[in-house]
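The figures that follow rest on heavy atoms only: side chains count, while hydrogens, waters and symmetry mates do not. We count ligands from 1, going down the list as the structure has it; atoms in each ligand are counted the same way.
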Amino acid sequence: MMTLPRTRLAVGAFLSLASSLALAQGAAVSVNLGGPNSPPDPNHPGKPLYDKYCATCHDHPIETKSVPFATLRGMRHGTLHYALTQGKMKLQASPMKEAEIGTLLDFIAGRQVMDESWIARMQCPANRAKPDLTKPATVAHFGFSAGNPRALTKEQSGLATDDFKNLELAWALAFPGTTTLRAQPAIVGDTLFYSAGENAKLFALNIDGDTPCVQWTYTAEVPLRSGIGYGQMPGGRKVITFNDVATRIHLVDAQTGKLIWKSHVGLYDLSNATGTPVIHKDRVFVPLSASEINIGGDDRHLCCKTHGAFFALDIRTGKKLWTYHTMEEAKPIRDRGDGQMMWGPSGAPIWTSPLLDEKRGLIYVGTGEATSAPAALTTDSILALEMKTGKLRWKYQATKDDIFLTACMRNPKALNCPRQGLLLDHDFGATFVMGKRADGRDILLAGQKSGMLWALDPDTGSLVWNREFGKGSPIGGIHWGMAYDGERVFAPIHLFPGPDGIDPNQKAGLHAVRVDDGKVLWSYEPQADCSGDRPKRVPNCKGVGLTGAPTVIDGVVVEGSADAFLRVFDRTNGTLLWSYDTARPYLGVNGVEGHGGAIDNASIVASHGLLFVNSGYGLMGGQRAGNVFLAFRKKAGN
Ligand code: HEC
């Protein structure tokens, strides 16, 4: 696929010739004149547009939870254009004419040719070309299997505890024009279903060999977002599901890569699909989030009207069977001070992937904060929905009156900023886990961005115990997920400055907590340091946090860090067995040059003796961008 600014076709055609010449010599295949490879031109006509419409936030990525300018420059025109014309940045770009948007994109990303010819070169030979989907999935969704433990056995992974003491890089796949890898693969037999998101493609990769090869490629119109869910339709057809930046859920035949249906689930322009959909029997369960939090603090926006939701889709057609709304529709509430009205209630987005409980017929999801007053009683809550009907069975609200808009951290006097309330941003974003107590009773485990780990009775929603690890923050606390080994739940705590800076009591690191009573069995707390290139890696070089979801494999737990380290611990006592700095350059097995960066969201999986991880997450608060999917194996002769 070539992505060219409309005004530069002639140059683009020339570049495409240049890049095929470079390819013939085996060189890197992404050509990007301007963009991240050269300093921005201060006299470029797009510079004043950037200064006027973007710099207030993107020059302050930490305070505004946005993407630094340098990372925007590594994005594809397609990603940028979608964000500005239809996606999250539509309001910011709305005063600009179409031609100005073109000029701005030219300034940010330069003239690009994305050479995707590696895909054709890496097609599987005939004996590896067809997915064999007869075995059950190793990784079926965000939580891997029933109860969401994010745990794999030695047999499933092909890796035993001792193997982790000495791993080496087996191969890397690098993706051109990519800054953030946010999708966790699904694995079935020899096939790993993978999407690098920004290139709008999903691959079925055969991983049974020295190098991976491509079985099929599925291409969407817009960038993809979530991890991949796997399952089967009534009748036995094997399928995968995932979402895109336009809040569409895709259902694709896992054998062939052919689209079965696409279903638009967004309720508003500012709806957002984040959590990985889960397939169960004849349904696809889908969470719906919102991005109004990012623009709500702008005076031009009439704040706020969106809220989260959850859907059961018919797996045959993609039609909604039921919808759960986290609150009623917003209505005008009060004059915000300039004669225009504030709207509410709003917020409570759902971006956890669901926890399914077949025994009780329930689905558990978490919600985020309110974006305007009055804060609904379903914000920052754990919800139990009836699987059949979507009716709310019970709820547990962990934090009341948390009303948050990103821009209010820097500019609390803006018209839409809350006059009362807590300004915390303490969502439940981490997918829940079902554990077992010593006496065999089930226990529902939920991590919050507040730094609190909650354990509830799944029948009633009443509190069993809770454990605090500091105050949390907008990207702090327990962010994306936890793992569970049958006895301990592993909670990563991220450190990130909140409205009052960094909480000195925040216990950033990985904590093993006994599920029976909430006792902390061991903790790994990396030390903050500001030496070497650390200030470049993390927005605040003190940020040593762990934000991505960990994974249990045999006797170890594996975790990635925002400053790009992959670490393996003995899960019984926390001994650090192995660590690897993924922030380095790679030449991919696909011939594409890449670089590692922050390890975030969820991606750590294993199969065929390979440990997989995404390295690069440029989306949040100035974290380091990157574009490599890495596979590690046991070192030979060890
Ligand atoms: C008021 C603050 C603000 C302004 C002004 C702003 N942005 Fe953003 N931008 C953000 C935030 C916050 C995010 C992160 C959103 C998220 O991850 O949900 C973001 C995300 C993005 C993304 C990634 C979108 C995605 O789909 O993940 C792009 C691209 C982007 N901005 C481009 C721009 C450009 C270009 C401009 C100028 C026209 C601009 N932004 C103006 C705050 C802002």
### Query
When the ring centroid of F428 is compared with that of Y364, is the distance short of 6.0 Å?
no

### Task
Please report the number of protein N, O or S atoms that lie less than 2.8 Å from atom 8 (Fe) of ligand 1.
2

### Task
May I ask whether L49 has any heavy atom positioned less than 4.0 angstrom from an atom of ligand 1?
no

### Query
Is there a side-chain contact between R182 and T274, using heavy atoms and a 4.5 Å cut-off?
yes

### Query
According to the interplanar angle, ranging from 0 to 90°, do the rings of H479 and H494 count as parallel (below 30°), tilted (30 to 60°) or perpendicular (above 60°)?
parallel

### Message
Heavy atoms only, cut-off 4.0 Å: how does T406 contact ligand 1, side chain, backbone, both, or neither?
### Response
neither

### Task
Give a yes/no verdict on whether any heavy atom in I108 is under 4.0 Å from an atom of ligand 1.
yes

### Query
Would you say the ring centroid of F203 lies under 6.0 angstrom from that of W118?
yes

### Query
Considering all heavy atoms of both residues, which atom of T367 and which atom of T378 are nearest to each other, and what is their separation?
OG1-O, 2.6 Å

### Query
How are the rings of F107 and F69 set to each other: parallel, tilted or perpendicular (split at 30° and 60°)?
parallel

#### Entry: Shortest protein heavy-atom distance from atom 27 (O) of ligand 1, along with the residue and atom involved
L619 CD1, 3.4 Å

### Message
Just to confirm my output: which protein heavy-atom neighbour is closest to atom 23 (C) of ligand 1, and how far is it?
### Response
M75 CE, 4.1 Å

